[in-house]
Each structure stands twice: as structure tokens, then as C-alpha cells.
Student: 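Here it is, the structure, as C-alpha cells.
Just so you know, ligand 1 is whichever comes first in the structure, and atom 1 is the first atom listed for that ligand.
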Amino acid sequence: MAEQAKRVLSGIQPTMDSFHIGNWFGALNQWVDLQETHECYYCVVDLHALTVNHDPKQIKQRTLASFAQLLALGIDPNRSVVFVQSHLAEHSQLAWVLSCIAGYGEAARMTQFKDKSQKEGADRATVGLFTYPVLQAADILLYQPTAVPVGDDQKQHIELTRDLAQRFNSTYGQTFTIPQTMTVVGNSRVLDLQDPTAKMSKSSPSGAVFLMDSASVISKKIKSAVTDSGREVSYDFEEKPGISNLIGLLAAATKRPIEETAEAVSGQGYGSFKQLVADELVACIEPIRDRTSQLLEDPSELTALIARGATKAGVTARQTLNMTYQRLGLLGPGN
Ligand code: TYM
């Protein structure tokens, strides 16, 4: 049997002016590397950003800034299909179909929904927040990827996607490729610098280093990162999550394996170790911040690239949606 082309799809929300290093080291790093071996589809998921309070004045700029950051990080729009979710109606169309085979109970079990709806309060949590993972499943299945590169926190959503694809295929006939979850070793869950029991996230700005942070802000955040009891550096996620997290960041910033990095810094005092982590992070983030700012100076060039991405993505998305409608037995416009 001919080997299936290896294809990945992934997405990121434009909810802030800047991605953080959890996004970068947990997911985007592998997006960049996968361009060597896979056909890649990468998507800025602006419709997902509507599930929590959003500001209409900001989302356009944040979508552009997200796109610029992806390019600055090394996503090449000539090699990968990079696009904006809302430019393709097929995402919402397939989401509706999938929501008709998704169980209410299985959607209610998604931990991200439970966490976010608790924070928003039951009355304020929207139906969109509830069906969020179904839209994510549509984002994925439209492009028939063999794998989805994400951080740890997305694993449950990819499991749901697989379940929905399998259910659809067994009910209506082979339609969707069943994708694998693909996570990085070591940094698939980057921790909050102020609270190493939680993942780094945009909702805790002092615990996250953003790609658009200045050198002095980055240094300050690393130096005030919560460390663990003891005085010497060693890699032990159970006993020393704060320090181990910083070792993971150092490894990613210097592009060296975690084990090798851990060995090199083992026994150092916390002060000099944090200084090293701060310096290396500043060194790798600064060029990305500068490149992003440069790209944002010419939005028309970015908009042209985004339009090209939508055209390319549309070919695959329409094929899958047409096949899905046929399998469902819907009357097509021509017959
Ligand atoms: P989002 O926008 O929250 O995050 C984008 C990517 O960054 C990863 N990530 C992390 N990885 C390690 N440590 C962290 N602290 C950390 N924080 C974030 C996320 O796992 C993700 O891979 N639901 C998705 C967006 C989405 C999507 C998709 C993803 C929509 N459709 C289709 C894949 C395929 C989300 O909110 O990611």
C-alpha cells in the first residue's frame, strides 16, 4: 500500500498581543521543525477567541500580530499553508455536522470547558465555550492531518477529535483521517513562573514570558520566578518543579537536550543559574521580537500572505466538506 503523505495541522488563538514561551517551546517549536518532514497547515483560530470576552477593536490587530509572530518564529508561508480560521466558512460548517454526532456528556467532560466555565461563572459561560472543542475538531479533520502538534493541555481535545472522526467514519463510511497527538519531550507543559503547579498561560502575565516582552521585563520575570526549597540546581520535576521548569526553558532557548542542559547546570546556585536562563531567553527572544515588529510595519504584505494561505487551505477544506455532505446524503446544489 502506498504510504500516506505525512501532514500536520495545528492552531493558535490570537487572544493576546503576544504569544508566550509556553506556546513557543511547548508547540510552535515543533511546528517550525515539522516543515522539514511534513506537509503543514497552521491556522490562527480567531473564531475560538470569540468564546471568551473579546474586544472588537483588538482582534484584527492581534490576528495580524499572531501571523507576524508565526513568520518571525520560522514558519515559512512558501512551504506551509498558514491561514486565518474565519476566512474559511468550512470550519463552521463542519463544526455543525460534528456537533450533531458529539455527545452532550462527552463535551461536558472537557476539562478546559470545566475550568473556564468555573472562572466565568455558569451563567456567563457561553454555548460557544461549550462547543469550542467541536470547532477545534472541525479545524483538524477538514485537512486530513496524520498528526496534530500541540502542548499537553490540548491532548483531551485531540482525543475527542479522534473519537468523533472514528464515529463518523463507522456510521457514514471512511471520510476522515484519524490524527495522532504529537507533543514535544520535556516542554509539553511549561509551568507558570509564579506558580509552578499551574501551566504558563496568558491569563497570568507575571508568570509568563511573552515574545514581545523587553529584555528588562524578561530578566525581571525570570529572577523573580518561584524556586523551590534548597539552594542548588537539580532536575527533578516532583521535588523541584520551579527549577526543573527553568532548566526546560534553558534547554529550549539554547536548543540543547534537557538531560545535557540539566547536567551542565547541576549544582549551580539559584542566583547565577537564573541569570543564565534570563540571558539566554533574552538572546533568543530579541530577534523574534524585532522581526515581528518589522513585519508589522507592512500590514499589506501580511494581508496578501494571509489571503494566499486562505486560497490554498480552501482547496483541501472544500474537498473534505463536500465529501462529508455526500456521505451524510445531503442533496447537493447541482442534484
Ligand atoms: P492555545 O492558543 O491556547 O495555545 C497554542 C498552543 O500552545 C500550547 N501551549 C502550551 N504548551 C506548553 N506549555 C504551556 N504552558 C502552553 N500553553 C499553551 C497549546 O497546547 C497549543 O498547542 N484550542 C487550542 C487552539 C486550537 C487548535 C485547533 C489546536 C484551535 N483549533 C486545532 C490544534 C488544532 C488552544 O487554545 O491553543
Student: Is atom CD of E263 surrounded by more than 12 heavy atoms (other residues, nucleotides or ligands) closer than 6.0 Å?
Tutor: no
Student: Is E286 salt-bridged to R291, going by a charged N under 4.0 Å from an acidic O?
Tutor: no
Student: State, yes or no, whether a side-chain contact exists between L302 and L71 at a heavy-atom distance under 4.5 Å.
Tutor: yes
Student: Going by the side-chain hydrogen bond (donor to acceptor under 3.5 Å, both in side chains) test, which pairs reach into residues 246-258, not counting sequence neighbours?
Tutor: R256-E260
Student: Does ligand 1 have any N/O pairs with the protein under 3.5 Å, and how far apart?
Tutor:
{"from": "ligand 1", "atom 1": "2 (O)", "to": "Q13", "atom 2": "N", "distance (Å)": "2.9"}
{"from": "ligand 1", "atom 1": "4 (O)", "to": "N23", "atom 2": "ND2", "distance (Å)": "3.4"}
{"from": "ligand 1", "atom 1": "7 (O)", "to": "N23", "atom 2": "ND2", "distance (Å)": "3.1"}
{"from": "ligand 1", "atom 1": "11 (N)", "to": "G22", "atom 2": "O", "distance (Å)": "3.2"}
{"from": "ligand 1", "atom 1": "13 (N)", "to": "V190", "atom 2": "N", "distance (Å)": "2.8"}
{"from": "ligand 1", "atom 1": "15 (N)", "to": "V190", "atom 2": "O", "distance (Å)": "2.9"}
{"from": "ligand 1", "atom 1": "15 (N)", "to": "M200", "atom 2": "N", "distance (Å)": "3.4"}
{"from": "ligand 1", "atom 1": "15 (N)", "to": "M200", "atom 2": "O", "distance (Å)": "2.9"}
{"from": "ligand 1", "atom 1": "20 (O)", "to": "G151", "atom 2": "N", "distance (Å)": "2.9"}
{"from": "ligand 1", "atom 1": "20 (O)", "to": "D153", "atom 2": "OD1", "distance (Å)": "2.4"}
{"from": "ligand 1", "atom 1": "22 (O)", "to": "G151", "atom 2": "N", "distance (Å)": "3.1"}
{"from": "ligand 1", "atom 1": "23 (N)", "to": "Y132", "atom 2": "OH", "distance (Å)": "2.7"}
{"from": "ligand 1", "atom 1": "23 (N)", "to": "Q136", "atom 2": "OE1", "distance (Å)": "2.9"}
{"from": "ligand 1", "atom 1": "23 (N)", "to": "Q154", "atom 2": "OE1", "distance (Å)": "3.0"}
{"from": "ligand 1", "atom 1": "31 (N)", "to": "D139", "atom 2": "OD2", "distance (Å)": "2.7"}
{"from": "ligand 1", "atom 1": "36 (O)", "to": "Q13", "atom 2": "NE2", "distance (Å)": "2.8"}
{"from": "ligand 1", "atom 1": "36 (O)", "to": "Y132", "atom 2": "OH", "distance (Å)": "2.6"}

Student: With a 6.0 Å cut-off (strictly less than), is the heavy-atom count around CD of E239, excluding the residue itself, greater than 12?
Tutor: no
Student: Got a sec: does the OH of Y172 have more than 12 other heavy atoms crowding it under 6.0 Å?
Tutor: no
